[in-house]
Amino acid sequence: MAMLPITSETSFRDIAISFEVWILFGVLIITNSKSPLESALKCFVFFLISQPLVYLVQILCGFAGWSLFGYYYYWFIWTIACLPMGYIGYYMRNNEWWGLLILTPILLLLIEHYFGFLNEAVAFFPNHLLSAIFCAVTMLIYSWYIFDKKELRIIETTIALLLIVGATVYIFVKPKEVYNTQFGIEDVQLTADTKAWLDDSKYGELKMIYIDSLEDYLIDASFTNTGDTKINVDTGKVKCVGDITIKRHSYEITNIKCE
């Protein structure tokens with residue numbers, strides 16, 4: 001997924017970046033182990049093998065250089081943490097009240113992921129929407145998969161629902177997130193009266209802004225979606241049209257023609 005350009009800024013790339021799917025793998029390993037020690041060791045070995053393979057495959061396929069392993073330090077810390085987490089996690093199977101205390105931190109980590117993914121989906125639809133849905137669904141089903149006692153299932157499901165509803169409401173009532181940047185057009189003198197716009201307004205808005213440090217005007221862009229469209233700039237003396245590719249944290253303007 002990390003090597004396929006088409007997965008950029010989508011839920012399919014998230015497995016190479018975030019935890020939600022790996023949490024599922026961990027839960028499956030824990031609930032199918034026969035002892036706390038087996039649970040700890042299996043979780044540890046699984047992540048000890050899988051994470052380096054993620055990097056090694058990318059390197060061997062020529063997608064990245066050996067420096068990519070510099071990112072492994074972060075995942076290695078979590079791999080070491082699999083030993084105590086796998087050991088303690090096994091006791092969720094005892095169907096006692098402390099199982100709620102063990103599972104709740106997992107829900108908190110998932111709600112953090114859910115919040116980030118849903119925020120991206122709302123701001124740059126449909127980016128990361130599937131990941132947001134995945135987090136919400138797994139939060140709701142883990143208690144029913146792990147616990148046999150109905151009361152434990154209900155309590156944990158209620159906690160999950162409150163977290164999901166709270167995060168969802170907050171995201172929809174807060175201001176919509178945008179990608180802001182400023183730029184100029186090569187060999188074009190921008191002024192306060194310059195008009196700039198995108199062919200498709202769903203990708204955002206453009207306006208002129210004066211930059212004191214440059215003592216000049218730039219185009220201030222508030223991008224609200226990713227994709228390809230046309231950019232138009234009219235200074236009154238020169239009209240320019242070009243192609244613009246908008247990504248989540250960057251943009252590229254090509255084939256610009258002025259007359």
Side-chain angles (χ1 to χ4, degrees), residues 1-2 4-27 100-101 103-146 152-183 196-209 219-231 244-252:
M1 292 296 103
L4 297 175
I6 196 173
T7 65
S8 180
E9 303 295 344
T10 71
S11 298
F12 298 100
R13 178 69 62 90
D14 291 331
I15 191 173
I17 303 170
S18 50
F19 291 123
E20 66 284 348
V21 177
W22 300 101
I23 289 174
L24 173 62
F25 296 155
V27 169
L100 298 175
L101 299 180
L103 183 57
T104 298
I106 297 175
L107 298 185
L108 293 176
L109 182 58
L110 282 171
I111 198 63
E112 180 186 6
H113 283 47
Y114 172 80
F115 182 88
F117 292 139
L118 186 61
N119 189 51
E120 289 292 299
V122 171
F124 295 89
F125 187 83
N127 293 5
H128 306 286
L129 178 61
L130 291 178
S131 292
I133 294 173
F134 181 90
C135 288
V137 170
T138 53
M139 286 177 67
L140 294 173
I141 67 173
Y142 277 150
S143 61
W144 295 85
Y145 176 71
I146 295 170
L152 294 180
R153 291 177 171 180
I154 293 175
I155 292 172
E156 200 69 23
T157 301
T158 301
I159 294 173
L161 278 172
L162 290 174
L163 290 171
I164 293 169
V165 171
T168 303
V169 170
Y170 179 78
I171 285 173
F172 278 96
V173 299
K174 76 178 185 64
K176 185 176 181 180
E177 185 174 330
V178 298
Y179 165 43
N180 286 107
T181 188
Q182 294 83 40
F183 57 88
W197 68 94
L198 301 172
D199 269 7
D200 193 336
S201 60
K202 77 174 184 180
Y203 291 104
E205 296 181 355
L206 307 179
K207 64 180 180 180
M208 304 310 300
I209 184 172
I219 297 172
D220 182 68
S222 296
F223 295 129
T224 56
N225 213 327
T226 57
D228 300 309
T229 188
K230 295 283 187 181
I231 181 173
I244 183 169
T245 299
I246 304 167
K247 300 180 181 179
R248 179 59 185 92
H249 300 288
S250 63
Y251 68 93
E252 183 180 12

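In this chain, residues are counted from 1 in sequence order. Quick caveat: nothing in here was measured; it's all calculated off a predicted structure.
Put simply, SG on C135 and CD on E112 are 10.5 Å apart, with the number rounded to the nearest 0.5 Å. Y203 contributes atom OH, which lies 6.5 Å from atom CG of D228 (distance to the nearest 0.5 angstrom). Note: I141 CD1 to L24 CG = 7.5 Å, rounded to the nearest 0.5 Å. Taken from CG in D14 to CZ in F134, the straight-line distance is 11.0 Å, to the nearest 0.5 Å. How far CD1 of I171 is from CG of N119: 5.0 Å, rounded to the nearest 0.5 Å. To the nearest 0.5 Å, the span separating CG on L161 from CG on L107 amounts to 10.5 Å.
E120 is linked by a salt bridge (charged side-chain N to carboxylate O under 4.0 Å, His left out) to R248, counting only residues two or more places apart in sequence or in another chain. Shown here are the side-chain hydrogen bond (donor to acceptor under 3.5 Å, both in side chains) partners of R153, two or more places apart in sequence or in another chain: there are none. Applying the side-chain contact (heavy atoms from CB on, under 4.5 Å) test to F172 and every residue at least two apart in sequence or in another chain returns L118, V122, T168. Among residues two or more places apart in sequence or in another chain, the ring pair (Phe, Tyr, Trp, His ring centres under 6.0 Å) test is passed with Y170 by F115. Qualifying side-chain hydrogen bond (donor to acceptor under 3.5 Å, both in side chains) partners for Y145, counting only residues two or more places apart in sequence or in other chains: T31. Considering only residues two or more places apart in sequence or on other chains, D200 meets the side-chain hydrogen bond (donor to acceptor under 3.5 Å, both in side chains) condition with none of them. L108 is linked by a side-chain contact (heavy atoms from CB on, under 4.5 Å) to T104, L163, counting only residues two or more places apart in sequence or in another chain. For F223, the ring pair (Phe, Tyr, Trp, His ring centres under 6.0 Å) partners at least two apart in sequence or on another chain are Y179. Looking at residues two or more places apart in sequence or on another chain, you find a side-chain hydrogen bond (donor to acceptor under 3.5 Å, both in side chains) between S11 and S131. With sequence neighbours left out, K230 forms a salt bridge (charged side-chain N to carboxylate O under 4.0 Å, His left out) with D243. Under the rule for a ring pair (Phe, Tyr, Trp, His ring centres under 6.0 Å), the partners of F19 that lie at least two apart in sequence or sit in another chain are W75, W78, H113.
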Worked verdict on Y251 versus F183 for ring pair (Phe, Tyr, Trp, His ring centres under 6.0 Å): CA-CA 10 Å; Y251 68 93; F183 57 88; 5.0 Å; yes

Derivation of the side chain to side chain contact (heavy atoms under 4.5 Å, CB included) call for V27 and Y142: CA-CA 8 Å; V27 169; Y142 277 150; 4.1 Å; yes

Tell me, with the steps shown, if I23 and T138 meet side chain to side chain contact (heavy atoms under 4.5 Å, CB included). CA-CA 9 Å; I23 289 174; T138 53; over 6 Å; no

Audit row: I164, L140, side chain to side chain contact (heavy atoms under 4.5 Å, CB included) steps and yes/no: CA-CA 9 Å; I164 293 169; L140 294 173; 4.0 Å; yes

Working note: K207 + I219, criterion side chain to side chain contact (heavy atoms under 4.5 Å, CB included); need CA distance, chi angles, decisive distance, verdict. CA-CA 6 Å; K207 64 180 180 180; I219 297 172; over 6 Å; no

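Of all the heavy atoms in S18 and F117, the pair that sits closest is OG-CZ, 3.4 Å. Minimum heavy-atom separation, T224 to K202: OG1-O, 2.9 Å. In this structure, A132 and Y114 approach most closely via the heavy-atom pair O-CD1, 3.2 Å.
Counting only N and O atoms by type, the side chains of D220 and Q182 include a donor and acceptor under 3.5 Å apart. Checked by atom type, the side-chain pair S222/N180 shows a donor-acceptor distance below 3.5 Å.
Of the candidates L152, L103, I154, S143 forms a side chain to side chain contact (heavy atoms under 4.5 Å, CB included) with just one, namely L103.
Counting heavy atoms from C-beta on, the side chains of M139 and I111 come closer than 4.5 Å.
Using modelled atom types, one side-chain atom of W22 and one backbone atom of I15 make a donor-acceptor pair closer than 3.5 Å. Not one N or O on the side chain of S250 forms a donor-acceptor pair closer than 3.5 Å with the backbone of K247.
Sequence neighbours left out, not one pair with a member in residues 18-27 passes salt bridge (Lys or Arg N to Asp or Glu O under 4.0 Å).
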